Participant: 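First the structure, which I've put down as structure tokens, then a few questions once you've had a look.
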Amino acid sequence: MRRRSLLLAAVPAGLVTLAGCGDKSSSSSKASASPSASASSVPPPKIVDGPLPAITAGTKFGEKPTAAKGSGDPSKNLAVKTVIAGSGKTVAENDFIQADYLGQIWSSGKVFDQSYDRTPLLLQLAQGSIIDGWRYALAGKKAGSRVLMAVPPTWGYGTSGNAQAGIKGTDTLVFVVDVLNSFNSKSSSTGKEVAQSDAALPKVGTNTDGKAPSIDVPKADPPKKLVSAYVLEGDGAEVKASQTVLCQFKGVVWDGGKTFEQTYDSGRLAQFSVEQMQEVVKGLAQGLTGKKVGSRVLVVVPPDLAYGNNPPSGGVVKKGSTLVFSVDILAAM
């Protein structure tokens with residue numbers, strides 16, 4: 001089983017989930033231990049330049065770093081330094097980031113968590129999703145940056161600490177964070193256009209401006225089997241059935257082409273576990289598995305792999321509806 005980060009707090013805010021998922025769709029992002037500071041109201045920190053320990057090995061972006069033990073007393077403020085300045089998108093509050101990190105205790109230099117030997121962390125910089133020190137330290141930084149920070153308890157795990165990680169309520173924490181990428185509600189696929197030559201299938205727009213793509217459904221009977229095809233093919237890793245995906249999506253019903261749910265224009269992204277999506281819209285989970293990150297994918301889901309005879313109440317999805325999705329796979333973890 002994939003180890004979960006100690007950094008994550010509660011269910012991330014700002015998520016859109018398909019009807020029937022409810023809060024379950026975000027449970028894969030829950031921490032094994034929730035930082036109390038993230039769930040409480042604390043004043044914004046004063047951000048200072050130091051003191052900060054030196055990075056003694058793995059000094060290049062993306063390399064697993066080693067940091068020295070803290071020297072003397074740490075600042076009572078949030079100490080932040082951009083060690084390597086990136087040139088990617090600027091990270092803002094409530095954006096999602098993909099990052100590798102190392103975390104250790106100031107006084108002992110003991111590493112309590114790191115992702116460099118695992119999968120990069122995918123998280124939202126929102127209150128209740130991550131310790132507050134990260135929210136304040138990373139906002140305004142650019143993707144491609146390495147950031148070094150020292151987080152006092154007030155903006156870390158609070159006075160209760162985190163016994164599971166061996167963190168006391170008085171411990172200042174040191175983090176080295178490599179910001180790999182950032183995503184927000186205007187993010188789109190980065191893939192290359194693939195010909196849509198089958199007239200029997202819906203045609204999906206190829207715009208990558210963060211606006212909803214068009215989905216033109218043909219006036220014909222829907223396919224009886226699941227269809228999953230690239231509209232824009234990315235060059236990232238293939239999505240695994242065990243992963244959680246971050247995406248933009250638009251869903252319409254085949255009959256009439258009416259939209260029943262989408263992230264576009266909502267100010268939010270969707271994040272869900274592929275495994276748990278199997279319990280809601282099985283065909284969508286199957287259609288995304290094996291597709292490359294960075295892609296836009298057309299998924300046509302027949303009723304037996306969608307809601308069948310139990311559609312969400314009050315919407316345009318009816319009994320026996322075939323569903324059509326356009327999904328931009330932004331990241332997977």
Side-chain angles (χ1 to χ4, degrees), residues 2-8 31-33 35 47-75 77-91 95-125 130-153 155-157 162 164-168 171-183 235-237 243 293 331-333:
R2 177 174 55 82
R3 184 184 174 192
R4 294 171 181 168
S5 169
L6 294 168
L7 288 171
L8 295 173
S32 47
I47 297 180
V48 296
D49 294 333
L52 287 163
I55 298 173
T56 56
T59 57
K60 295 180 180 179
F61 182 84
E63 289 184 342
K64 181 180 178 180
T66 300
K69 183 174 72 170
S71 177
D73 293 330
S75 174
N77 300 306
L78 178 63
V80 182
K81 180 182 180 182
T82 301
V83 181
I84 299 172
S87 58
K89 290 177 289 186
T90 300
V91 176
D95 282 358
F96 283 82
I97 65 167
Q98 202 164 24
D100 271 319
Y101 68 95
L102 175 137
Q104 66 185 47
I105 297 170
W106 173 281
S107 59
S108 65
K110 178 186 175 183
V111 174
F112 61 84
D113 201 9
Q114 58 89 18
S115 69
Y116 290 89
D117 296 330
R118 308 196 304 265
T119 303
L121 187 65
L122 179 63
L123 57 89
Q124 189 181 23
L125 288 183
I130 190 68
I131 59 172
D132 286 324
W134 273 50
R135 288 175 53 218
Y136 292 111
L138 296 181
K141 305 301 183 186
K142 292 186 176 182
S145 296
R146 168 168 284 190
V147 181
L148 176 63
M149 67 181 89
V151 182
W155 298 283
Y157 291 87
N162 187 316
Q164 177 186 351
I167 297 169
K168 302 189 295 292
D171 282 333
T172 288
L173 309 178
V174 175
F175 292 98
V176 181
V177 182
D178 286 338
V179 183
L180 305 175
N181 211 338
S182 68
F183 310 95
D235 59 3
Q243 290 186 305
V293 172
M333 170 183 168

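Just so it is clear, the model here is predicted, and its values are computed rather than measured. For the single chain, residues carry numbers from 1 onward in sequence order. Just the heavy atoms: all of them, side chains too, but no hydrogens, waters or symmetry mates, feed the values below.
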Participant: Is it true that Thr82 and Lys141 share a donor-acceptor pair across their side chains at a distance under 3.5 Å?
Facilitator: yes
Participant: Is Gln114 reaching over with its side chain to a backbone N or O of Tyr116, donor-acceptor style, under 3.5 angstrom?
Facilitator: yes
Participant: Do Phe175 and Ile131 touch side chain to side chain, with heavy atoms closer than 4.5 Å?
Facilitator: yes
Participant: Check whether any side-chain heavy atom of Val176 lies under 4.5 Å from a side-chain heavy atom of Asp100, and answer yes or no.
Facilitator: no
Participant: On a heavy-atom basis, which atom in Ile84 and which in Lys60 lie closest, and how many Å separate them?
Facilitator: CD1-C, 4.1 Å
Participant: Do the side chains of Asp49 and Lys81 get close enough for a salt bridge, i.e. N-O under 4.0 angstrom?
Facilitator: no
Participant: Judged by atom type as modelled, is there a donor-acceptor pair below 3.5 Å linking the side chain of Lys69 to the main-chain atoms of Ser108?
Facilitator: no
Participant: Which pair of heavy atoms, one from Pro53 and one from Ala68, lies closest together, and at what distance?
Facilitator: CB-O, 3.2 Å
Participant: Which atom pair, heavy atoms only, marks the closest approach of Ala332 to Gln243?
Facilitator: CB-OE1, 3.6 Å
Participant: What distance separates Leu173 CG from Trp134 CH2, expressed to the nearest 0.5 Å?
Facilitator: 11.5 Å
Participant: Donor-acceptor pair, distance only, cut-off 3.5 Å: does the side chain of Thr56 make one with the backbone of Thr66?
Facilitator: yes
Participant: For residues Ile97 and Leu138, determine if any side-chain heavy atom of one lies less than 4.5 Å from a side-chain heavy atom of the other.
Facilitator: yes
Participant: Taking the side chain as every heavy atom from C-beta outward, state whether Lys142 and Lys89 have any atom pair closer than 4.5 Å.
Facilitator: no
Participant: Side chains of Leu123 and Gln98, heavy atoms from C-beta outward: is any pair under 4.5 Å?
Facilitator: no
Participant: Heavy atoms only: give me the nearest Val80-Ala137 pair and the separation to one decimal.
Facilitator: CG2-CB, 3.6 Å
Participant: Counting N and O atoms only, with roles assigned by atom type, does the side chain of Ser145 sit under 3.5 Å from a partner on the main chain of Ala85, one being a donor and the other an acceptor?
Facilitator: no
Participant: What's the spacing between Ser71 OG and Trp106 CH2 if we round to 0.5 Å?
Facilitator: 7.0 Å
Participant: Can you measure from CD1 (Ile105) to CD1 (Ile167) and round to the nearest 0.5 angstrom?
Facilitator: 5.5 Å
Participant: Could you tell me which non-hydrogen atom of Ala150 sits nearest to which non-hydrogen atom of Leu52, and how far apart they are?
Facilitator: N-CD2, 3.5 Å
Participant: If you look at every heavy atom in Thr90 and Gly140, which pair is closest and at what distance?
Facilitator: CG2-O, 3.6 Å
Participant: Hydrogens and angles aside, do Asp171 and Tyr157 bring a side-chain donor and acceptor to less than 3.5 Å of each other?
Facilitator: no
Participant: Passes side-chain contact (heavy atoms from CB on, under 4.5 Å), Thr172 versus Val151? Steps please.
Facilitator: CA-CA 5 Å; Thr172 288; Val151 182; 5.7 Å; no
